[in-house]
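Shown next, in C-alpha cells, is the structure this report addresses.
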Amino acid sequence: MYEEIKFVDYGQKEQAGYYGVTYDKEKILKEPKLQVILVNHAHCDPGWLKTYEQYYDDQVDHILYEMKDYLSSNKEMKFVQVEISFFEMFFRKLDAQNREDIKLLIKNKQLEIVSGGWVMADEACAHYFAQIVEMFEGHEFTKNHLEFVPKNHWSIDPFGLSPTMAYLMKQAGFQNMAIQRVHYKVKQYFAQNKLFEFKWKQLFEGDSNRTSILTHMFPYGSYTTSETCGPAQDVCEEFDFRFKSPFYDEKYQRRNRFSPTINEAAKRIADQFRKKATLMRTNNIFVPLGGDFSFEKKSEWISVFENYKVIYDQINSMPELNMEVKFGTLDDYFTINKKSIETENTHIPSVSGDFFTYADRPFYKRFDRILQHYLRTAEIVYSILLSTNDVPQDFDYNVMVQARRTLSLFQHHDGITGTSKHFVIEDFKNKMVVAIKNCYQIIEMGIKQKLNILDGLSIMESMSVQNALPASNGIVNENNIIIFNPLTREQDEIICIKINIDGAKIKSIKDLGEFEQEIHPIVIHEQDALRIDENAYELCFKANIPPLDVRSFELVESSYIKYDVSKVSKKNVELRENKFFQNIEERPSIDFDIGNKNKITIDSLTGYILAINSQKVKLSFAAYQSSYASGAYLFMPSGKSSILPALKNSYIVSEGNLIQRVYVSGVDNVNLLHIIEVKEGTNYVEFENRVDLQKVDNFEMTMQFDTDVKNKDTFYTDLNGFQIIKRKRFSKLPIQGNYYPMPSTIFIQDSNTRITLVGSQALGCSSLSDGGFEVMLDRRLNQDDYRGLDEAVTDNTKTQSKFRLLIENFKTAQDDTHSVTSFLSLDAQKANQELHYPLILIKGSLQKDISTMTILKKELPADLHIVTMRSLLAKEDYDDKNSKEEVKRSSKNEIALIFHRFSTKNYLQIDTKYLLKETS
Ligand SMILES: [Zn+2]
C-alpha cells in the first residue's frame, strides 16, 4: 500500500475524494434504509495529565455514577465502557443493589463493555505477554462479576495498531474491532478504496481465513463528536450537545447560528450521516458521541439525549431521508451490519499489515520488561505450588494481583509509550517497583516452600537505588546459590557472581572441580572514567539448569580447586595492578580479536566491534540534533544523524576461556558505557549500553551498524515480540516515516546472510541505508510537541539497553521478494527468549542438598514456549477486607496454560530433532 500512496506534502492534510463526497438524493430512496447508530462513549486514560487514581476520584467516578443513573431511568440511552481498571474500582465501591443494577444494564444491552481489557493497551511497545496479561485481567473481572464476555474491541487512541492485537482478540473469541489512529494519508487511501471495513488478516495466514477479524476504521481524524458525524467538522460541532442546553430551548436557538427549525437541523445532520455512509460498503454507520472524560455531569447526559432524541425522531419521520437513527452500543451496530453483509452478500476485502507511527522513553520500557520477566516467573512458581498443594496457608494472593494489575496498567497507551506527565510516569514507576518486589516475594516463597528450606533466601538483585533498574548485589555471607530456570528448555549458561571477600580466600563451587571456572575484574564506570574494583571480583562458571527447575551451588574455601584468571588489557585508562589482576598491558594500535569459537574483531582506536568472523558489522553511535518540533509524541529530526566522535574512547578488555568482555567508556557529555560480551558456547555477541542524556539538549542518540549485507531497501522488525513484518524504506518518506517500533527485533538479510539484533526493551529502529540499521537508545527533547502533554522530555535518567547480535548464513540462497513476513531462526528465538527471561539467581543457606521442583518430566520441544501458567482469580467478596483494608483475594484451584508455538517454516539452521511434528 505504501508503494501506491504518493506521500507528497507529508505534513499536509489532503481531502480529495474523501471529505468532499456527494450523493444522489433520488438514488438513496431505492437503497435499503440507512441505519445510524449513535454510540455514547467517554475516553478515559488511566494516567496521562493526572495519575490513574486522581482521574478516578476527580472524573471517572462521576462519569460512571451518572451513567448508571441515567441509563437506569432512560431505556433508550446507551453507553460503551472500555477500561476495566476504572470500572472495577467503580463496581467494587457500589453496594449490592447497585451492582445488580449495573448487571441489569448489561443484560438489557444498554451498557456494553467493549474490549474489556484492564486498559486500552498500547500496541507498538507492548509485548504480547503483557497484552495477554492486561486482557486476561479485565476479562477475568467481567466474567466473575458481570457474567459477561466482551466480543467487540475498541482501540481508538493508541498511536498505531498492530495485527498482533487483532490476532489475540480473535483468539479470545472476539468478533469485531473498531480502530482509530491511522495516518491520514492511509485513511485517504482506505476511503478511495472503500476499505474502512475490512477483514484484518494475519501476515502469516496465507490463503486461509482462520485468523481474520472484521475491523472498522474510524474514517475521519478523531474520536470526539466534532469529527465523527460526517466530513464537515463545523456541522459535527454544532451537534455536539455535551455542553449545550437542550435544543428545543428557544433562547438557545436564538443564540446559536444554526437553523432554527427542527426540520432543517434534522436535514443538516442527516446530510453528514449520508456522506459518511458513502465511504462504507453497507448501509449502516455508527457515530461515536463523546470525547476525553465526557459525560461527567448529569447535564451532559440530559443534553445529549434530549437533543438527539428530538433530532432523530424528526429524521426517522422524514421518508425523503430514508434513514433510521437511534442510540446503540457497538454491538448493536455490528449486529445490524453483519445482517446486511449476509443478506446483501457484501464483499468485505482482506487487509494485512499494521498501522504504525512511533514515540519513545526507553528507561521505563526496560522496567516494563523486567516486571514482565518476574511476573511470568512468579505466576509459574505459584502455579507449581498450586498444582502440588504446596501454597502456604498464610500466603497473601493480593501481592500477585497487584503485580498483574500494575503491568496491565502500564500497558495503557500513555503509560509504556512515555506520553504522560513526569509525575504520572513516576507514579507508574513506583507501582512497578512494588510489583517487582511482590514478584520477588512470591518466587522466594515458592522456592523455599518447594525445597523445604527453613532459612530466608533472597533474589540476588535489589531495587535500592533511586531511578535505577534492579541491580545485582554481591554475595556477602551466604554459602549457597540457587538458580531457577524460567524456561522450558534445559539451559547451559555461564553464571558470574560477585565475590566480596578478601582475595586471599578464594572460594569456588563445590564438586565442580572438573568444571571450568575463572575470575574477571569488576569494572566500574564513574564520571566518564573506567576503573577496576580492588576488593572484589567476579567468579564465572558454567551451570546446567533443567527446565522450570532449580540447581544449587555451594561456595567453599579451597586452595586446590583451580580457576583461571582472565587476561586484562586496556587503552587510555589509568589502571593500577591489584592482587587479583596483574600484568595489565596497554593495547597496541592494531585491531584485535576476542572470542574463541567466533572471532569478534575490535577496533583498537574506539573499542567498538568491527566484524564477526570477518563479516563486517561496524558499530558506531550517532545523534539526531532534532529540530524544535520533536517531543514526547513526535520524532522530527532536522536532518541526518551525525556520528559521535569515538577516537578519545578508553576501554578495558578482559579475556578468559568462558567469557571475553570489552568495557568502553566514551562520547563526551553522555557518559556512555558500552559493554561487549562473548560467551563460550553461544552464537551471539551481547551489547549493553548505559547512556545519560542529562547534559545535552534536543539530542536523540542511536546505535548504528554498518554491514556488507545487500538488503537494499528492505528490513524486518517484530510486532509485539510475537511475529515479524517486512518493512520497506521509502525515499519519499522523511526519516521518521521510515522509523518503526522495535519491540524486540530488527534484522536485515540478502540471499546468503542474515544479521539479527534482538533487544530486551521496546525501542525505535530503522534501516536507512543499504547494509545499515540503527536503534534509538534515548531521547532528550527540550520542548512540548503540542499533543496535549504540555511538557518537554527532560526527565532522562541513566538508561540501560541490552542487545544480542547474530550473524546467520542460509544453507540455500533465499529469495524473499514476495514474502510479507518472516520468522526468526531457532537460535535467534532462543537468544531473544533468554534475554527476556534470564535465569534467576537466589542466595541463601541450605541445610541439605536440595531436590527438584519442576512439574515437567522432560524439556519441551524447541518450538514450544509457555507464555504463561496463570492461576485463576476466585470471585472476590468486595465486602470482605483484610487488615490493610484491601479486598481479600485468593486463587481458584485452576490454572490457565498458554502456549506459543513458533513457526518452523523458513527456519535457518533448522534443528528438527527438537521440533514438534506438524499437526493438521
Ligand atoms: Zn487516550
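As the structure lists them, so they are numbered: ligands from 1, and atoms in each ligand from 1.
At a cut-off of 3.5 Å, with distance as the only test, a side-chain donor of T799 or D778 sits close to an acceptor on the other residue.
Remark: K429 engages E426 in a salt bridge, criterion side-chain N to carboxylate O under 4.0 Å. A salt bridge links K298 to E66: one of the charged nitrogens lies within less than 4.0 Å of a carboxylate oxygen.
Residues passing the ring-ring contact (aromatic ring centres under 6.0 Å, His included) test with Y52, sequence neighbours excluded: F86. Applying the disulfide (SG to SG under 2.5 Å) test to C439 and every residue at least two apart in sequence or in another chain returns nothing.
Among pairs with a residue in residues 165-179, those fulfilling side chain to side chain donor-acceptor pair (under 3.5 Å) read N152-N176, at least two apart in sequence or across chains.
Around the Zn ion (ligand 1), the protein contributes the following N, O or S atoms at distances under 2.8 Å: H43 NE2, D45 OD1, D157 OD2, H413 NE2.
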